[in-house]
Amino acid sequence: MHVHTEQANGMQATAPGYYPAIFAEFMLPYRDPGPFARWQQQHDGRTMTIHPMPSASPMGGDLYPYGVLPRRLLAWMATTAVATGSRHLDAGPTRSEFARTLGLATDGRTQERLWDQLARLVGATVHIQDATLRPGGLTVTGATFPIVEHYVTGITQHRHWDGQDPGIAITLSSEFFMSLTTAPVQVDLHRLRLLGTSPLRTDLYVWTCRQAQQGDRSQWHTTYETLAESFGSRAIRARRFREALRAAARSVSNLHPHVTITADDEGLKFAAHSEEP
């Protein structure tokens with residue numbers, strides 16, 4: 001897929017925003033892992049485990065957030081939290097307007113998928129564990145926190161919400177809010193939307209923004225194996241993942257104004273032209 005940026009008055013359109021650093025380091029699943037799966041990723045002594053929302057079905061099982069929609073929601077959460085300085089997020093006066101805010105269509109099928117993924121995301125809990133080898137032995141530290149502390153995601157018969165029935169009322173957990181506001185990843189929401197419905201392209205873009213934002217490196221190289229550890233590609237065969245990643249790299253490089261990405265046999269090469277994403 002070749003992605004073009006839109007132009008506004010002869011200038012490249014931009015929409016500054018933010019993305020949670022933890023989800024730019026460890027990615028959500030691309031596809032539904034299934035009701036009895038375990039989603040855990042580990043690299044460099046750091047592990048993230050997602051504890052999903054339990055299903056209300058009599059059959060049991062779990063409901064993981066997956067695909068591009070929870071990624072759009074995470075960008076909205078981070079951008080809104082940083083802009084307002086508040087854990088309480090306002091979704092807007094109508095469901096259609098909220099969908100448009102995320103760069104989505106407003107048809108019934110899209111709305112249904114959005115509400116399903118929103119419910120999965122706000123019901124999830126994250127566990128982070130760091131293992132550091134020191135002279136005296138292995139030191140392990142960790143933290144567990146829900147993404148959201150309180151939420152209302154009721155779907156009504158009406159397209160408009162009033163003050164008593166906001167349709168979506170979200171309060172981020174204090175831990176997640178702190179992580180968002182102290183070290184968010186700077187992204188461009190316009191470019192994020194132009195990457196389309198591919199969670200892999202989205203992940204590569206936000207991961208690249210995070211890498212470019214850290215340190216003062218102008219060039220770096222990352223192997224396919226390292227990328228596979230972080231990305232939500234566990235169910236994709238290695239060869240197919242490499243092909244998909246190379247295609248995503250072309251799309252992201254076309255859109256990213258400050259980082260050029262090229263592929264070789266071992267992985268991806270990144271050349272940063274600016275500290276800005």
Side-chain angles (χ1 to χ4, degrees), residues 17-44 46-55 61-81 89 102-104 110 113-129 143-148 151 153 170 172-173 175-177 179-180 183-185 187 189 191-193 195-211 226-236 240-241 244-245 248 251-252:
Y18 297 94
Y19 200 83
I22 187 61
F23 289 110
E25 179 183 1
F26 295 100
M27 314 306 184
L28 293 172
Y30 293 160
R31 301 171 184 169
D32 191 350
F36 303 104
R38 185 186 186 195
W39 189 260
Q40 184 178 79
Q41 295 169 292
Q42 181 178 27
H43 66 86
D44 294 334
R46 188 168 167 85
T47 304
M48 182 187 79
T49 305
I50 297 178
H51 301 284
M53 180 179 72
S55 171
D62 298 316
L63 300 176
Y64 283 92
Y66 65 91
V68 74
L69 292 181
R71 289 161 167 84
R72 296 282 183 92
L73 288 163
L74 286 171
W76 169 75
M77 287 178 178
T79 301
T80 305
L89 307 184
L102 301 177
L104 303 173
T110 301
R113 291 175 52 240
L114 175 60
W115 254 249
D116 174 58
Q117 290 299 325
L118 176 63
R120 292 167 180 256
L121 183 63
V122 299
T125 300
V126 176
H127 178 74
I128 303 294
Q129 180 175 288
T144 300
F145 55 88
I147 295 176
V148 169
Y151 61 90
T153 58
I170 292 174
L172 301 177
S173 71
E175 296 90 346
F176 188 55
F177 174 74
S179 72
L180 292 180
V185 177
V187 298
L189 301 177
R191 294 186 174 94
L192 201 64
R193 294 162 191 165
L195 290 169
T197 59
S198 166
L200 176 58
R201 289 195 296 267
T202 300
D203 284 351
L204 182 59
Y205 173 71
V206 299
W207 184 89
T208 301
C209 289
R210 178 178 179 273
Q211 294 295 314
T226 298
L227 291 167
E229 288 177 349
S230 296
F231 284 40
S233 56
R234 198 167 59 190
I236 305 176
R240 186 176 178 185
F241 172 67
L245 193 61
S251 296
V252 172

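Any value given below was found using the heavy atoms of this structure, including those in side chains, with hydrogens, waters and symmetry copies removed. For reference, positions follow the sequence shown, starting with 1.
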Colleague: How many angstroms lie between CD1 in Ile147 and CD1 in Ile22, if you round to the nearest 0.5 Å?
Modeller: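 Rounded to the nearest 0.5 Å, the CD1-CD1 separation comes to 10.5 Å.
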
Colleague: What residues form a side-chain contact (heavy atoms from CB on, under 4.5 Å) with Asp32, not counting sequence neighbours?
Modeller: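 By the side-chain contact (heavy atoms from CB on, under 4.5 Å) rule, Asp32 matches Tyr66, Arg120.
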
Colleague: Report the residues that fulfil side-chain contact (heavy atoms from CB on, under 4.5 Å) with Glu175, sequence neighbours left out, ordered by chain and then residue number.
Modeller: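 Glu175 satisfies side-chain contact (heavy atoms from CB on, under 4.5 Å) with Phe145, Ser173 once adjacent residues are dropped.
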
Colleague: Indicate the atoms forming the closest heavy-atom contact of Ala24 with Val185, along with that distance.
Modeller: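 The pair with the smallest heavy-atom distance is CB-CG2, 4.1 Å.
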
Colleague: side-chain contact (heavy atoms from CB on, under 4.5 Å), that's the test. Do Leu74 and Leu28 meet it? Break it down for me.
Modeller: CA-CA 11 Å; Leu74 286 171; Leu28 293 172; 3.9 Å; yes

Colleague: I'd like to check Thr202 versus Leu192 (side-chain heavy atoms, cut-off strictly below 4.5 Å). Are they in contact?
Modeller: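 Counting from C-beta outward, Thr202 and Leu192 do come under 4.5 Å.
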
Colleague: In Å, rounded to the nearest 0.5 Å, how long is the span from OH of Tyr205 to OG1 of Thr208?
Modeller: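 These two atoms lie 9.0 Å from each other.
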
Colleague: Is the shortest heavy-atom distance from the side chain of Met48 to the side chain of Glu25 under 4.5 Å?
Modeller: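 Heavy-atom side-chain distance check fails, nothing below 4.5 Å.
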
Colleague: Can you find a pair of side-chain heavy atoms, one from Phe23 and one from Val126, that are under 4.5 Å apart?
Modeller: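 With C-beta onward as the side chain, the pair touches.
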
Colleague: Testing the basics here: between Asp62 and Pro54, what is the closest heavy-atom pair and its distance to 0.1 Å?
Modeller: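 That closest heavy-atom pairing would be OD1-CA, 3.8 Å.
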
Colleague: Taking the side chain as everything from C-beta on, heavy atoms only, tell me whether Leu227 gets closer than 4.5 Å to Trp207.
Modeller: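 Yes, close enough: below the 4.5 Å cut-off.
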
Colleague: Counting N and O atoms only, with roles assigned by atom type, does the side chain of Tyr64 sit under 3.5 Å from a partner on the main chain of Ala37, one being a donor and the other an acceptor?
Modeller: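 The answer is yes, because a donor-acceptor pair under 3.5 Å joins these two groups.
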
Colleague: For the residue pair Leu114 and Leu102, what are the closest heavy atoms and their distance?
Modeller: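 That closest heavy-atom pairing would be CD1-CD1, 3.7 Å.
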
Colleague: Where is the tightest heavy-atom contact between Pro65 and Gln117, given as atom of each residue plus distance?
Modeller: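 Closest approach of Pro65 to Gln117, heavy atoms only: CA-OE1, 3.4 Å.
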
Colleague: Could you pull out the closest heavy-atom pair between Thr110 and Leu104, with the gap in Å?
Modeller: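 So the minimum-distance heavy-atom pair works out to CG2-CB, 4.1 Å.
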
Colleague: Side-chain contact test, heavy atoms from C-beta onward, threshold under 4.5 Å: evaluate it for Phe231 versus Gln41 and give yes or no.
Modeller: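 Result no, sub-4.5 Å side-chain heavy-atom pair not found.
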
Colleague: Check whether Arg210 reaches the backbone of Tyr19 with its side chain - one donor and one acceptor, N or O, closer than 3.5 Å.
Modeller: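 No: the side chain of Arg210 does not pair with the backbone of Tyr19.
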
Colleague: Between His43 and Ser230, is the side-chain hydrogen bond (donor to acceptor under 3.5 Å, both in side chains) condition met? List the steps.
Modeller: CA-CA 7 Å; His43 66 86; Ser230 296; 3.0 Å; yes

Colleague: Any side-chain heavy-atom pair from Met77 and Val148 closer than 4.5 angstrom?
Modeller: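 Yes - at least one pair of side-chain heavy atoms lies under 4.5 Å apart.
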
Colleague: To the nearest 0.5 Å, tell me how far Leu73 CG sits from Ile170 CD1.
Modeller: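 Answer rounded to 0.5 Å: 7.5 Å.
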
Colleague: Testing Arg38, Gln129, His127, Gln40 one by one against Thr49 for a side chain to side chain donor-acceptor pair (under 3.5 Å), which residue passes?
Modeller: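 Considering Arg38, Gln129, His127, Gln40, a side chain to side chain donor-acceptor pair (under 3.5 Å) with Thr49 is found only for Gln40.
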
Colleague: So, using side-chain contact (heavy atoms from CB on, under 4.5 Å) as the criterion, who are the partners of Thr79 when residues are at least two apart?
Modeller: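 Result, side-chain contact (heavy atoms from CB on, under 4.5 Å) vs Thr79: Tyr18, Leu189.
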
Colleague: Looking only at heavy atoms, what is the nearest atom pair of Ala21 and Ala183, with distance?
Modeller: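 Heavy-atom minimum between the residues: CB-O, 3.4 Å.
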
Colleague: With a 4.5 Å heavy-atom cut-off, do Leu69 and Leu121 have their side chains touching?
Modeller: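 Side-chain contact under 4.5 Å: no.
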
Colleague: Are any of the side-chain heavy atoms of Pro52 and Trp39 separated by less than 4.5 Å?
Modeller: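 No, every pair of side-chain atoms sits at 4.5 Å or beyond.
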
Colleague: May I have the step-by-step check of side-chain contact (heavy atoms from CB on, under 4.5 Å) for Tyr30 and Asp203, ending in yes or no?
Modeller: CA-CA 10 Å; Tyr30 293 160; Asp203 284 351; 2.9 Å; yes

Colleague: Would you sort out whether Trp76 and Leu89 count as a side-chain contact (heavy atoms from CB on, under 4.5 Å), showing the intermediate values?
Modeller: CA-CA 9 Å; Trp76 169 75; Leu89 307 184; 3.7 Å; yes

